[in-house]
Each structure stands twice: as structure tokens, then as C-alpha cells.
Amino acid sequence: MRASKSVLAALRKTMSYNPMALCRFLGSSTALSSSSSPDCTVWNKKISHLIRTGQIEEAKKVFNAIEHKNTVTWNAMITGHVKRREMAKARKLFDEMPERDVVSWNLMISGYLSCRGVRFVEEGRLLFDQMPVRDTISWNTMITGYLRDGRVSDALRLFESMIERDVVTWNAMISGFLQNGVIAKAIEIFESMPERDSTSLCAVVSGLIHNGRIDKAAKLLVEFGAKDGYSENLVNAYNALIAGYSQRGQVDEARRVFDQIPYFCDQGKRRGMGFEKNVVSWNKMIKCYVKAGDLISARGLFDQMIDRDIVSWNTIISGYVQVPNMEGAIDLFNRMLYRDAITWNSMIMGFAEVGNLELAYEFFQRMPQRNLISWNSIISGYEKNSEYDWAINLYLEMQADGMKPDQHTLSSILSGCAGSVNLLLGAQIHQQVTKLVIGDVPINNSLITMYSRCGAILEARTMFDEMKTKDVISWNAMIAGYASHGYATEALQLFEFMKQQHVKPTQVTFTSVLSACANAGFTEAGKYYFNSMASQFRISPRMEHFSSLVDMIGRSGQLQEALHLIKSMPFQPDKTVWGALLGASRVHNNVTYGRIAAEALMTLDPESSAPYALLYNIYADLGQLNEAAEVKMLMRRNNVGKHVAASWVGSPHSETRTF
DNA sequence: TTAGGGTTAG
């Protein structure tokens, strides 16, 4: 096939838009020699296009078919492999190619350096040393590679031995130093560089924010941002600053920056050339208000926006979902022209949060394309609302659908297994976790909880012991496992070991520790631990800690001391605390304290029949039948007690105790 | 082929 020169020229002109057209015209089955194609530029572009669109096999076919390749052809093919980190394949081509130019060398170096790891960095350096002629890009690539790998001094050595540095070199040094936390040096470089561009400023601002130096970032942005010569992408730096303040909860500061952007726009000569706020600025500011819980201001900005994008809508919807105000969210949802998975997922999460699983499921069903987060949201929704079997069924459905679970899915489903005491599935998930190599700390913690809730306390302990890295939650989970199964000694031993390992306990730790003491009747130990909360760890005791202490002191017979403790509490005791005193009074059949506790409970929780029932039993056991009858009458008069003495859920230990 | 940025949902 032979194409006329003019046709080829016309086609070449449109090449960059539609390279496939040329291919179709020429037919791709024939050998692509220079006789059928005047030069290989066209084919090189075709290869580049195929690589850009991820069709490397196709690219390889074209590459192999070309008879007379030039250096660009080889480089294009090498690019394809380098992008996919296939360095062995890239290297083979590089070694085979008849003539290399500086781009070939640079490509290989950048490929090796992107792979990270000492071996690859050294390989890159070897090529850098071997190459006959280096340009600035070679140097910049090598410096960036070192900085990415944390080798700051190597980078600095190269930088200092460079003769002709360009702005990219300086910028690479700035961002690299900031990435490695060498802040002072980065600022020094920024301030001493011969010419700055907007990238320099963006790099230094975002890097400083990343390193917690937001005020310095703001100062530099104000100082250098107002000067001439910076391009429109400076707004990115302002946006980064808004996001930085937003993350720290400094709403007013963020708003000040947000309002400042058009101010500098007036200062700059090219008004309307991009110095103004863009949609990202608005979205970040709205997000800032949402994060601070100021939905009114967030909505105000949202309503003022002229060009909203999907992120604007999703941000404001997430604000309503977080409150949660699902009516508002639905209203916005209905007004949206285009929705994406994030929109739908936010709605699902919101409905799950307010316990409306029907609507959550309906939205889950209705959404056009579910992703992993959709599944995770609906599964965790059911799990959090104690619908464990639904959660487990959805998990099975998810897998049948070919969706691979991640650590969020597994953590939800493990909680589901713990909730429904499904040891069989829990152990299966454990195997899956091992296979998927998602052995991260939160997942392992869920496994501990799952095993211990299912009563497999030995498996829980094995899990705990095998964890290479633990956090305080791992310790809490294991201690809680022991405590809730009556292994008080083991719980306290582990707690002592935890302190030896210098892991700082939390309020949750003490909840389990005190509950273990209460269940086992270790009153003195319990008092000691309770006092150590504030004195050793600066943790203020919460309601559940007081109620445990009241429980154990009361049950040991020191009812007066228990009442004294209640009176000395820094906040109003709730029904769990009074319930503990009432329970203890029942154990000792003590009318005096039983009455006090029961009366407090009747005021706090007028619906509950439990205080009447307990008080009745105390009187009855003491043979004071008249008083017992009075209690019954009182209960009838107050219109409580359809199920007499049936369910008492006020005490933290209600499951393990019978009244 | 080198530098910055890339918002929203767990």
C-alpha cells in the first residue's frame, strides 16, 4: 500500500487527535517500512498514544513491525515500560538500541529511581555516572531520586557540584527538603534562589503546611505572592493554606485567607487571568465550615456560589449527613443534576447513622454503580445498628458480586461476628485476613475482640501475643476480654504487664480493670486502681468507673462508704451508679441504703419497675411484709411495672448478675 | 525524561 504524500501530510496533521485513523488508512498488518511510510514520526506518535492509553501490548506490536526505528521510537517504547515499572524490559531495550540520546539515559535513570529502594537508586546512579553527556534534567532526576529516598546529603552533594542549575533544580531541592523535614534549609534555599516561580512558592507553602509551619507558610505567601511574575496557579497555594487552617480547625484564619484571594487579584496586574478564587477555594472553605460544624455558614457560601461542581454538592451534602439532617440532605440530593458514587455513599452513610436502614438499603439498591465504599457503608450500617445477620449476609453477597473486601469491610464484619457470636465465620474471616495480608493493627484488634466475645479467649490471647505491633486498643481489647469472661486475675496481670511496657492506659482500660475487680470482689485492688487513674495517669474517672467502684465497695458490705462516694462525685450520678448501690443493698438486704438508692432511681427513671422490685424483695426477705406491700402499691399508683422484676439493665454488670 | 497542586464518602 502506498499513500500519496499529500494524504499522508493531511493525516499527520490530525495525528495527535486521531492516530487510529492513520493506522486504519495504512492497515496495520503490513510491515511498516520506510518505503510505505516516509518517516517514522507518525509511528512514534502512534506508539506514544498507545502507551498513554495503557495499550502496551499493541504498542509493542507496532514497535516490532517498524523496520527502521529511530532513537525516538526506542525511547517511546522504553517510556512504556518505565511507566509500568518494568525495568528489566526497559533495560533490555536500552541495551539493544543502536544509538542512545540523553533522553534514553534520563528515562532509564528516572525509571530506576521511581522504583525506590537502595538497589534501584544505585542502579540509577550507575547509569548517571556512565552517561557520556548529562543535561540539567539528568541532574534534576538524580537529585529528586535521592530526595525521594530520603538521601538528603547525597542530593545536596550533587546540587552543590552542579554548574548550571535551573528553576526546576531549586524547586526540587525545596520540596525534597520539606518532604524530609529539613525545614530551615528549605526556607533558606527558597529565599536565596536566583529566580522564583509560582511552583517554588506553591512548593514551599504546601511543604511548610505539611510540616506544621502554617504561619511561616502564610507569611511567605503574603510576602512573595503579592509580587509580580507569578502565574495563575498561585491560587493553589492559597487553597492549600485554607485547607491547612481548616484541618487545624482555625475557621476564622481560613476565612481570612479565602477573603484575601481577590485582594491579591486586584494587586496583580492581570485581573481575571486566574488570580481569583477558583471552585477549589470555595469547596475548601465550605468543607472548613462543615468540619467545624457550622452548617449555616457552609450553606451560606454554597448558596452564593455561581459555578458549583460535584465536589461542592458532595461537600455540603456531607455536612448535612454529619449533623445528621437527612431531610436537608435529601433536598439537596434531589436538586442535583449529576450524582456520583460519593453522593450516593454519603446518603447511605447518613441513613445508616440515623438508624434508617430501610432507606439506606433503598439508596444502596438504587445507585447506578456501587463501589467498595458503598458496600462498606451498608455493611457497617447494619453492623452498627446491631443487625449482625444482615451485615453478614451482605458481606457474602458482596463477595458473590466479585468485590474484594478491604480492612474496613473486614473490621465491620468481624464486629458483626463478635456481635452475633459467630465464631465459625469469624475464624473464616481470620483466614481470609491472613491470605489478603491485611494484618494491620486495627484488624488484629477486631480479631481479638471477635475471639473473646465468642468466648474463645485462648485464641484471642494467641492473636494478641502474635501481634508484632500493638497499640493501646490491642491491650484494652485483651484486658476487656479477660474481664468480661471472669478472668479477673489474668486481666489484672495483663494490666500490670501493660504498665511495665510503658503503654499508657486509657479510660477504657480502667473500665475493664475496675469491672474485673468488681466481678471478682477485689475491692482493695479496685480502690487502688481507681485512685491511680488521676494520680498516676491524669485520667479523670467517668460514670462507669464510679459505678464499678460503688458496686465493689457496696458488695463488700461498706454501704455507707459507697453512699459517701456517690455524694462526693464531681458530676450527677446516673442510674448505673444508683443501680450499683441498690444491687449491693439487695445483696446485704439493707433497707436503709436500698431505700435511698431506690428513691433516687425512681426519680431518674420513673418508667422502670426494677427499683420497686428490688426494694420489694429486700423487704420480703426481711419479713417486713407490710412495707413490701406498700412498695407494690406505690408501683401500681405510679403506673409502672407491667413486667415485674423482669428486666433490669441499669447496672453495668447486669448480664452476669441475678437479682 | 526533572519541580508544585489534585478538593468529596469509610
Side-chain angles (χ1 to χ4, degrees), chain A residues 72 75-76 78-79 82-83 90 101-111 113-114 134-145 147-148 165-179 193 196-207 209-210 230-240 242-243 246 278-288 290-291 308-319 321-322 339-350 352-353 367 371-381 384 406-409 411-412 442:
Chain A
V72 179
N75 287 349
I78 289 178
T79 309
V82 160
K83 275 191 177 152
D101 62 5
V102 66
V103 176
S104 330
W105 289 89
N106 289 347
L107 270 169
M108 288 304 294
I109 296 172
S110 105
L113 295 175
S114 315
R134 300 180 195 106
D135 63 4
T136 321
I137 292 180
S138 329
W139 287 85
N140 293 347
T141 307
M142 200 59 228
I143 288 176
T144 312
L147 288 168
R148 255 202 312 242
R165 302 165 188 145
D166 65 3
V167 68
V168 174
T169 324
W170 290 89
N171 291 347
M173 291 299 286
I174 293 172
S175 64
F177 273 45
L178 284 163
Q179 270 159 29
M193 63 194 289
R196 277 168 288 267
D197 62 6
S198 65
T199 299
S200 330
L201 194 50
C202 284
V204 80
V205 166
S206 69
I209 294 171
H210 234 79
Y230 293 139
S231 74
E232 51 263 36
N233 69 10
L234 201 62
V235 73
N236 291 332
Y238 283 96
N239 293 345
I242 295 174
S246 167
N278 60 15
V279 65
V280 178
S281 328
W282 286 85
N283 291 346
K284 290 211 191 248
M285 195 60 228
I286 293 173
K287 165 81 180 165
C288 177
V290 163
K291 239 186 119 234
R308 300 182 191 113
D309 67 1
I310 187 130
V311 177
S312 327
W313 285 92
N314 286 343
T315 307
I316 193 70
I317 284 191
S318 85
V321 162
Q322 275 161 41
R339 307 177 185 109
D340 64 5
I342 295 178
T343 325
W344 288 92
N345 291 345
S346 302
M347 297 300 288
I348 294 170
M349 283 181 266
E353 182 66 33
M367 72 184 289
N371 63 19
L372 180 60
I373 296 178
S374 324
W375 285 98
N376 286 352
S377 307
I378 193 75
I379 290 174
S380 90
K384 287 204 176 108
D406 69 352
Q407 60 264 48
H408 298 283
T409 330
S411 145
S412 282

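Proteins get letters first, then strands, A, B, ... in listed order; numbering begins at 1 in each.
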Between C1' of B/dG6 and CG of A/Asn314, the distance in whole Å: 16 Å
Separation of atom CE in A/Met347 from atom C1' in B/dG10, rounded to whole Å: 17 Å
Any N/O donor-acceptor pair, A/Asn236 side-chain to B/dG6 base, under 3.5 Å: no
Between P of B/dA9 and CH2 of A/Trp344, the distance in whole Å: 19 Å
Quick check for you: among B/dA3, B/dT1, B/dA9, whose closest atom lies nearest to any side-chain atom of A/Ser175? B/dA3
Does the pair A/Asn345 and A/Asn376 meet the rule for a side-chain hydrogen bond (donor to acceptor under 3.5 Å, both in side chains), with working shown? CA-CA 9 Å; A/Asn345 291 345; A/Asn376 286 352; over 6 Å; no
Hey, does A/Gln179 reach any base, or is it just sugar-phosphate, or nothing, if we go heavy atoms under 4.0 Å? sugar-phosphate
When rounded to whole Å, the CD1 to P distance for the pair A/Ile286 and B/dA9 reads 13 Å
A/Ile342 side chain, from C-beta outward: closest of B/dT8, B/dA3, B/dG10: B/dT8
Which atoms form the tightest heavy-atom contact between A/Gly350 and A/Val321, and what is the distance? CA-CG1, 3.5 Å
Residues A/Ala240 and A/Ile209: closest non-hydrogen pair is O-CD1, 3.4 Å
Checking B/dA3, B/dT2, B/dA9 against the side chain of A/Asn140 (C-beta onward), the nearest is B/dT2
